[in-house]
Visitor: 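Handing you a structure now.
Reminder, nothing fancy here: chain letters follow the sequence lines and each chain counts from 1.
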Amino acid sequence: MGSGYECNSRGLIMPIFALLDCNNFYASCERLFNPSLNNKPIVVLSNNDGCIIARSNEAKALGIPMGEPYYKAKSIIENNNVAVFSSNYTLYGDMSRRVMATVKGFIPDVEIYSIDEVFMDLSNYPNPEGLSKDIRQAVTLWTGIPVSIGIGSSKTLAKVANHIAKKYTAYEGVFHIDSEDRRKKVLKHFAVGDVWGVGRRLNKKLTSYGVNTAYDLSIQPDSWVRKSMTVVGLKTVQELRGESCIELELKPEHKKMITVSRSFGRKVYEKSSIKEALANFAERAAEKLRGEKQLTKEIYISLYKELAASGKANYKDNALLKLAYPTDSTLELMSYVSKAFDEIYIEGMGYKKCGIDLLKLQPKSHFVKDLFDTRNTCKQDELMVAIDSINNKMGNNTIQMATSRGKGKWVAKKDLKSLCYTTRWDELAIVG
DNA sequence: TCTGGGGTCCTAGGACCC
DNA sequence: TCTGGGGTCCTAGGACCC
């Protein structure tokens with residue numbers, strides 16, 4: 001306590017990681033702008049209003065499971081007056097930025113791990129626990145989002161500690177695995193399936209071998225772990241023992257792929273509708289790509305059809321396009337996608353979903369035009385910059401390519417979406 | 001054409017995460 | 001057992017080479 005450094009059994013200095021995680025993030029965001037929902041159950045639905053992806057504590061207490069299809073939970077929801085929202089990613093993204101900005105005000109060295117989680121390196125701070133309490137308080141005060149913080153000598157242990165901080169209110173939202181005794185005690189009561197890196201599949205396998213708790217896993221021999229969980233699992237196990245193997249990623253690496261895909265609200269047969277959807281996705285993907293300041297060299301197009309007869313739910317038709325020259329132009333992407341689509345589309349087929357991936361990305365700054373490249377890239381760049389800046393200022397889709405704007409038969413259902421309280425002038429929250 | 005052994009590169013698919 | 005969309009990483013296996 002007090003030095004800011006922990007030592008392991010060999011007397012080596014160990015790093016200190018903290019993980020801040022927003023409690024029931026999406027549900028908390030919705031509640032923020034609707035105080036009448038305080039202490040009331042809330043659920044948030046996935047795209048397409050398909051299933052439940054976030055629940056307030058009250059909704060969890062009602063026994064509504066995570067990932068439950070909406071229609072299955074409908075009776076519980078109606079009987080208990082549960083507030084239901086379609087997901088509103090604009091709102092969540094904006095609230096996330098506010099939370100992260102608050103954290104960065106305390107700790108400059110952070111890794112934003114997901115929309116509602118951030119890892120911090122507290123190795124050089126004398127009182128990690130006190131500091132975490134201050135951060136937690138500031139985030140609550142300045143953003144209204146409740147958060148929990150877990151502290152440990154590896155990222156995996158910080159994750160475990162975070163679970164404890166959330167579960168046991170007596171710790172007031174901050175829990176530190178600060179000794180060997182505490183580490184063992186905690187891991188012995190921690191289900192192996194809840195460990196970061198152990199998914200459904202591995203959980204099943206491990207429990208079948210009698211490895212039920214995180215502690216059980218942590219004492220397995222390396223060779224066995226390597227064999228049954230690959231090198232990834234070995235890292236997890238070492239981290240559970242308190243040895244840090246997964247470093248903080250302070251600077252986000254360049255993205256390796258960009259995906260835009262969507263399920264349709266229903267089966268879609270019209271060629272023009274699917275083409276319109278793909279054009280939309282190409283547009284979105286190109287925007288993301290330019291936002292990342294990268295170019296793409298490969299486009300992967302997938303159409304998902306439903307094969308009722310085969311028992312298999314989804315069957316996929318793909319096309320992989322390798323581009324002669326890397327690009328970030330919406331126009332080029334759209335024309336490639338459109339041509340490839342014509343080749344894989346089957347007349348009369350009912351499609352349930354489609355999407356595109358951009359692969360083999362490379363930084364735009366590294367691009368050198370060669371003699372055989374006859375594209376007018378400068379002119380396209382100017383056009384794209386103009387479109388992006390207008391769309392940024394005036395809202396998405398202010399300017400859109402004609403092929404991507406249509407009747408929108410493919411558009412997903414979003415019946416219960418809340419307003420964009422923080423990002424759109426016309427939907428600002430009204431105080432009064 | 002198979003006979004051996006060894007190596008690299010690429011892709012598809014699986015498993016995990018939020 | 002797929003209910004959603006967007007990611008990353010690892011491995012097995014095929015193609016191809018000597």
Side-chain angles (χ1 to χ4, degrees), chain A residues 19-26 43-55 64-74 85-89 92-93 96 111-119 155-156 159 162-163 192-206 225-236 239 245-246 249 252-265 277 280-281 284-285 287-289 291-292 294 297-298 300 302 304 306-307 311-316 318-320 322 352-361 412-414:
Chain A
L19 172 69
L20 176 145
D21 190 318
C22 302
N23 302 349
N24 316 323
F25 183 55
Y26 297 169
V43 298
V44 178
L45 305 178
S46 66
N47 243 317
N48 229 11
D49 291 348
C51 56
I52 291 162
I53 55 168
R55 305 155 297 157
I64 300 173
M66 178 68 170
E68 179 88 337
Y70 178 36
Y71 70 89
K72 277 195 188 169
K74 236 171 185 163
F85 293 91
S86 300
S87 36
N88 181 348
Y89 290 103
Y92 311 148
S96 173
E111 172 190 343
I112 296 175
Y113 179 70
S114 76
I115 194 164
D116 68 335
E117 285 170 279
V118 51
F119 280 107
K155 285 167 114 179
T156 305
K159 275 252 178 195
N162 192 283
H163 270 85
V192 76
D194 291 337
V195 171
W196 190 37
V198 178
R200 274 230 262 286
R201 205 89 172 200
L202 271 177
N203 183 34
K204 212 173 152 190
K205 187 166 170 182
L206 289 170
V225 173
R226 170 67 247 255
K227 206 170 66 217
S228 40
M229 299 173 69
T230 81
V231 293
V232 185
L234 189 55
K235 275 191 186 177
T236 297
E239 289 238 332
C245 303
I246 309 171
E249 272 173 38
E253 284 179 21
H254 279 121
K255 272 209 174 94
K256 287 158 191 161
M257 86 192 265
I258 288 174
T259 305
V260 184
S261 72
R262 213 74 63 194
S263 297
F264 305 136
N280 257 281
F281 300 167
R284 287 277 308 114
E287 281 164 17
K288 285 192 193 179
L289 193 58
E292 297 274 323
Q294 296 215 79
K297 267 211 94 170
E298 277 185 14
Y300 190 76
S302 329
Y304 297 77
E306 200 177 52
L307 285 187
K312 282 210 166 187
N314 288 306
Y315 183 75
K316 213 166 81 165
N318 326 305
L320 178 63
K322 303 189 183 213
K352 292 282 285 184
K353 174 181 173 178
C354 70
I356 63 176
D357 302 295
L358 306 183
L359 309 164
K360 298 264 155 73
L361 308 186
K413 268 198 309 193
K414 242 183 198 205

Visitor: My understanding is that only residues two or more places apart in sequence, or in another chain, count here; which of them pass side-chain hydrogen bond (donor to acceptor under 3.5 Å, both in side chains) with A:T236?
Guide: none
Visitor: Please check this pair: side chain of A:S87 against backbone of A:Y89, looking for a donor-acceptor N/O pair closer than 3.5 Å.
Guide: no
Visitor: Think A:T259 has a side-chain N or O under 4.0 angstrom from the OP1 or OP2 of C:dG7?
Guide: yes
Visitor: Taking the side chain as every heavy atom from C-beta outward, state whether A:F25 and A:S96 have any atom pair closer than 4.5 Å.
Guide: yes
Visitor: Look at the side chain of A:K353 and decide which nucleotide, out of C:dG5, C:dG4, C:dG6, has an atom nearest to it.
Guide: C:dG5
Visitor: When we call it a touch if two heavy atoms are under 4.0 Å apart, what does A:K288 touch: a base, just sugar-phosphate, or nothing?
Guide: sugar-phosphate
Visitor: Whole angstroms only, please: what is the CZ-C1' distance between A:R262 and C:dG7?
Guide: 14 Å
Visitor: Would you say A:K256 reaches C:dC9's phosphate, i.e. side-chain N/O to OP1/OP2 under 4.0 Å?
Guide: yes
Visitor: Figure out the CD1/P separation between A:I64 and C:dT3, and round it to whole Å.
Guide: 19 Å
Visitor: Measuring from the side chain of A:S261 (C-beta onward, heavy atoms only), which nucleotide among C:dT3, C:dG5, C:dG4 has the closest atom?
Guide: C:dG5
Visitor: Side chains of A:K155 and A:W196: closer than 4.5 Å at any heavy-atom pair?
Guide: yes
Visitor: Would you write the dot-bracket representation of DNA chain B, where each base gets (, ), [, ], | or . depending on whether it forms a Watson-Crick or G-U pair under 3.5 Å and with which partner?
Guide: ....||||||||||||||
Visitor: How many whole angstroms separate atom CD of A:E253 from atom P of C:dG7?
Guide: 15 Å
Visitor: Quick check on DNA chain C: between A:I53 and A:M257, whose nearest nucleotide comes earlier from the 5' end?
Guide: A:I53
Visitor: In whole Å, measure the gap between the P atoms of C:dT1 and B:dA15 for me.
Guide: 14 Å
Visitor: Give a yes or no on whether a salt bridge exists between A:E117 and A:K159, defined as a side-chain N under 4.0 angstrom from a carboxylate O.
Guide: yes
Visitor: For nucleotides C:dA12 and B:dG4, find the distance between their C1' atoms and express it as a whole number of Å.
Guide: 22 Å
Visitor: Report yes if some heavy atom in the side chain of A:L206 is under 4.5 Å from a heavy atom in the side chain of A:M229; otherwise report no.
Guide: yes
Visitor: Indicate the ring-plane relationship of A:Y26 and A:Y92, choosing parallel, tilted or perpendicular according to the 30° and 60° boundaries.
Guide: parallel
Visitor: Pick the C1' atom in C:dG13 and in B:dT3, then give their distance to the nearest Å.
Guide: 22 Å
Visitor: Let me spell it out: for each of A:Y26 and A:E249, pick the nucleotide of DNA chain C with the closest heavy atom. Which residue's pick is nearer the 5' end?
Guide: A:Y26
Visitor: Taking salt bridge (charged side-chain N to carboxylate O under 4.0 Å, His left out) as the definition, give me every residue that meets it alongside A:K288, ordered by chain and number, with sequence neighbours left out.
Guide: none
Visitor: Taking NZ from A:K235 and P from C:dC9, how many angstroms apart are they, rounded to a whole number?
Guide: 9 Å
Visitor: Report the residues that fulfil side-chain hydrogen bond (donor to acceptor under 3.5 Å, both in side chains) with A:Y70, sequence neighbours left out, ordered by chain and then residue number.
Guide: none
Visitor: Checking A:E239 side chain against A:I246 main chain: does a donor-acceptor pair fall under 3.5 Å?
Guide: yes
Visitor: Check the phosphate of C:dG4 against A:S87, side-chain N and O only, distance under 4.0 Å to OP1 or OP2. Yes or no?
Guide: no
Visitor: Identify, with sequence neighbours excluded, every residue that meets side-chain hydrogen bond (donor to acceptor under 3.5 Å, both in side chains) alongside A:T259.
Guide: A:D357
Visitor: Using a 4.0 Å heavy-atom cut-off, write out nucleotides 11-18 of chain B from 5' to 3' as B (base contacted by protein), S (sugar-phosphate only) or - (no contact).
Guide: S---SSSS
Visitor: Rounded to whole Å, how long is the line connecting atom CG of A:L358 with atom P of C:dG5?
Guide: 17 Å
Visitor: With sugar-phosphate meaning primed atoms plus P, OP1 and OP2, does A:L45 contact a base, only sugar-phosphate, or nothing at under 4.0 Å between heavy atoms?
Guide: nothing
Visitor: Do the side-chain N or O atoms of A:T230 get closer than 4.0 angstrom to the phosphate oxygens (OP1, OP2) of C:dC9?
Guide: no
Visitor: In this structure, how many angstroms lie between the P atom of C:dG6 and the CG atom of A:L359, rounded?
Guide: 14 Å
Visitor: Rounded to whole angstrom units, what separation is found between the CZ atom of A:F281 and the P atom of C:dG6?
Guide: 8 Å
Visitor: Once you round it to whole Å, what is the distance between C1' of C:dG5 and CD1 of A:I356?
Guide: 14 Å
